[in-house]
A.B. asks: 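Structure in structure tokens, see below.
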Protein chains: 2
Amino acid sequence: MTLAEKAYEGLRHDIIRGELPPGRPLRLAELSERYGMGFSPLREALNRLHAERLVTAESLRGFRVALLSVEEMHDAVATRIMIESEALRASIRLGDDAWAAGIVSSLYALNLQASRTGAEADIWALEARHYAFHRALLSACGSAWTMEFFERLYAATERYRIPVLLSAGRPMGRDVQAEHGALAEATLDRDAEKAVALLKDHYEKTVAALEEVHRGAGSDSRAAKAVG
Amino acid sequence: MTLAEKAYEGLRHDIIRGELPPGRPLRLAELSERYGMGFSPLREALNRLHAERLVTAESLRGFRVALLSVEEMHDAVATRIMIESEALRASIRLGDDAWAAGIVSSLYALNLQASRTGAEADIWALEARHYAFHRALLSACGSAWTMEFFERLYAATERYRIPVLLSAGRPMGRDVQAEHGALAEATLDRDAEKAVALLKDHYEKTVAALEEVHRGAGSDSRAAKAVG
DNA sequence: AATTCAAAAACTTTCGAAAATCCTTATTGC
DNA sequence: GCAATAAGGATTTTCGAAAGTTTTTGAATT
């Protein structure tokens with residue numbers, strides 16, 4: 001793996017998880033220190049992330065971590081619902097046994113991690129399995145473009161969820177695992193309309209919960225974190 | 001404007017227009033000569049284009065212009081239909097007078113250019129106006145994410161259309177301008193179902209026409225060009 | 001004739017410094 | 001005292017060369 005690829009993965013990781021908070025200037029001297037490499041691979045990574053809208057760039061004034069905003073979150077979630085609804089319908093239509101088995105296993109792994117508490121709890125392991133589950137639902141849709149957009153939007157919305165995951169022990173009055181279970185069941189029953197309705201509901205509940213946190217806290221993730 | 005931005009625009013332009021044909025290795029020494037700059041700005045541009053899937057990259061083996069394939073074209077068009085249908089519905093719901101006026105003026109400009117022949121004909125001016133018209137239709141959808149995906153997919157599908165535009169004087173038995181006119185009319189009448197149906201039909205006719213050309217010719221654009 | 005291996009060439013990747021630009025601060029002129 | 005301006009420092013951008021990797025070439029061997 002080249003240094004530029006390491007830089008890309010490290011920066012993406014640190015931005016999505018909020019270690020590099022929204023709006024933070026990404027100065028090359030500092031990044032060079034942080035990641036232990038020269039300017040060239042860092043600039044290449046920053047340009048890739050700029051194309052993915054995770055960082056903003058201004059000519060001759062460098063890069064910053066892209067800002068978050070409630071408006072952008074609503075747009076991202078609405079677009080996710082549109083794209084994932086179609087992808088879920090297509091997957092239900094086209095999915096084979098391997099697809100169904102993938103949903104069952106990723107849901108099982110997600111539930112296992114979600115049930116762990118105390119020292120065993122691991123937000124990042126949970127997050128990885130959450131991603132894997134949602135990806136598994138759509139994975140039979142047959143469209144590489146759709147899957148790419150799913151990944152872009154997942155990363156964008158993940159940034160809004162992280163502060164909440166870090167602060168709140170448990171979202172208010174919500175059984176997220178039950179929602180995942182019902183969604184998986186409807187999908188495996190090939191009941192497309194029900195599955196799509198549950199998916200939409202799942203995302204709308206999430207965005208409503210996130211909105212409260214981000215409304216008061218502005219777009220700085222550290223401030224958002226302090227709310228919980 | 002920095003050199004890296006010039007490199008990005010130049011490369012994107014040349015790739016979409018097929019001057020740098022699919023599969024072509026993008027060697028730094030050659031590009032450095034072609035665009036008159038050093039390696040650094042070129043590599044930055046290539047990384048951005050890689051993130052946009054217009055170029056492919058392999059560790060330590062450099063960059064190439066991304067390949068075309070009939071399968072990918074079908075995926076891109078199907079995804080376009082999905083996303084643009086929703087965006088068109090939203091625009092029809094939300095669009096104001098400025099939006100409607102933008103459709104009228106971009107259609108008029110497109111028709112003007114389309115009617116020009118001989119020395120006045122200009123494929124690239126036509127193409128720019130075609131893009132502007134399709135963008136105007138969706139521009140009131142209110143979703144920055146949707147518009148970004150529209151632009152990505154437009155660029156991806158444009159690559160398939162270029163060889164046909166360059167070779168064929170006029171697509172077989174099709175009045176493309178009439179299709180645009182009907183689409184604009186249904187949209188301005190706020191008849192969402194009719195407009196979406198016309199949009200879908202417009203793209204499916206296009207993909208059918210392109211398929212013939214690309215099937216025989218493989219993915220090399222020069223070969224495709226020779227067919228016309 | 002085909003295969004293997006080593007050396008050379010081609011090319012990508014990375015670094016460090018130079019050039020260019022932006023931002024801050026101090027100074028000048030009013 | 002205050003605005004305009006210039007110097008200095010910080011930062012980004014670009015270049016040219018060095019380092020590292022892959023591919024090609026060609027000779028030696030089977």
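Residue numbers begin at 1 in each chain, while the letters A, B, ... track the order of the sequences.
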A.B. asks: Report the distance from atom CG of A:Leu28 to atom P of D:dA10, rounded to the nearest whole Å.
C.D. replies: 16 Å
A.B. asks: With a 6.0 Å cut-off on the ring centroids, do A:Tyr203 and A:His134 count as close?
C.D. replies: yes
A.B. asks: With sequence neighbours excluded, what pairs up with A:Arg64 under the side chain to side chain contact (heavy atoms under 4.5 Å, CB included) test?
C.D. replies: A:Pro25, A:Thr56
A.B. asks: Report the residues that fulfil side chain to side chain contact (heavy atoms under 4.5 Å, CB included) with B:Tyr108, sequence neighbours left out, ordered by chain and then residue number.
C.D. replies: B:Leu112
A.B. asks: Output yes when at least one side-chain N/O atom of A:Arg43 is less than 4.0 Å from OP1 or OP2 of D:dT13, else no.
C.D. replies: yes
A.B. asks: What's the CZ-C1' distance between B:Phe39 and D:dT13, to the nearest Å?
C.D. replies: 17 Å
A.B. asks: Earliest and latest nucleotide of DNA chain C, 5' to 3', sitting under 4.0 Å from a non-hydrogen atom of chain B?
C.D. replies: C:dC11 to C:dT14
A.B. asks: Keeping to residues at least two apart or across chains, list the side chain to side chain donor-acceptor pair (under 3.5 Å) pairs with something in residues 21-41 of chain B.
C.D. replies: B:Asp14-B:Arg34, B:Asp14-B:Tyr35, B:Arg24-B:Glu30
A.B. asks: On the nucleotide D:dT11, are OP1 or OP2 found under 4.0 Å from the side-chain N or O atoms that A:Arg27 carries?
C.D. replies: yes
A.B. asks: Run the salt bridge (Lys or Arg N to Asp or Glu O under 4.0 Å) test against A:Glu52 and tell me which residues pass, sequence neighbours left out.
C.D. replies: A:Arg12
A.B. asks: Using the salt bridge (Lys or Arg N to Asp or Glu O under 4.0 Å) criterion, which residues pair with B:Arg93? Sequence neighbours excluded.
C.D. replies: none
A.B. asks: Give the rounded distance in Å between these two atoms: CG of A:Leu3 and P of D:dG20.
C.D. replies: 12 Å
A.B. asks: What's the CD-P distance between A:Glu44 and D:dT14, to the nearest Å?
C.D. replies: 13 Å
A.B. asks: Relative to the 5' end of DNA chain D, which residue comes earlier, B:Gly36 or B:Ser59, by the nucleotide with the nearest heavy atom?
C.D. replies: B:Gly36
A.B. asks: I want to confirm an ordering. Mapping A:Arg61 and B:Ser40 to their closest nucleotides on DNA chain C, which one lands closer to the 5' end?
C.D. replies: B:Ser40
A.B. asks: To the nearest Å, give me how far apart CD (B:Glu5) and C1' (D:dT12) are.
C.D. replies: 12 Å
A.B. asks: Of B:Val77, B:Leu88, B:Ile81, which meets side chain to side chain contact (heavy atoms under 4.5 Å, CB included) against B:Lys200?
C.D. replies: B:Ile81
A.B. asks: Using whole Å, report how far CE of A:Met1 lies from P of D:dT21.
C.D. replies: 15 Å
A.B. asks: What is the distance from OH of B:Tyr35 to C1' of D:dT13, rounded to the nearest Å?
C.D. replies: 20 Å
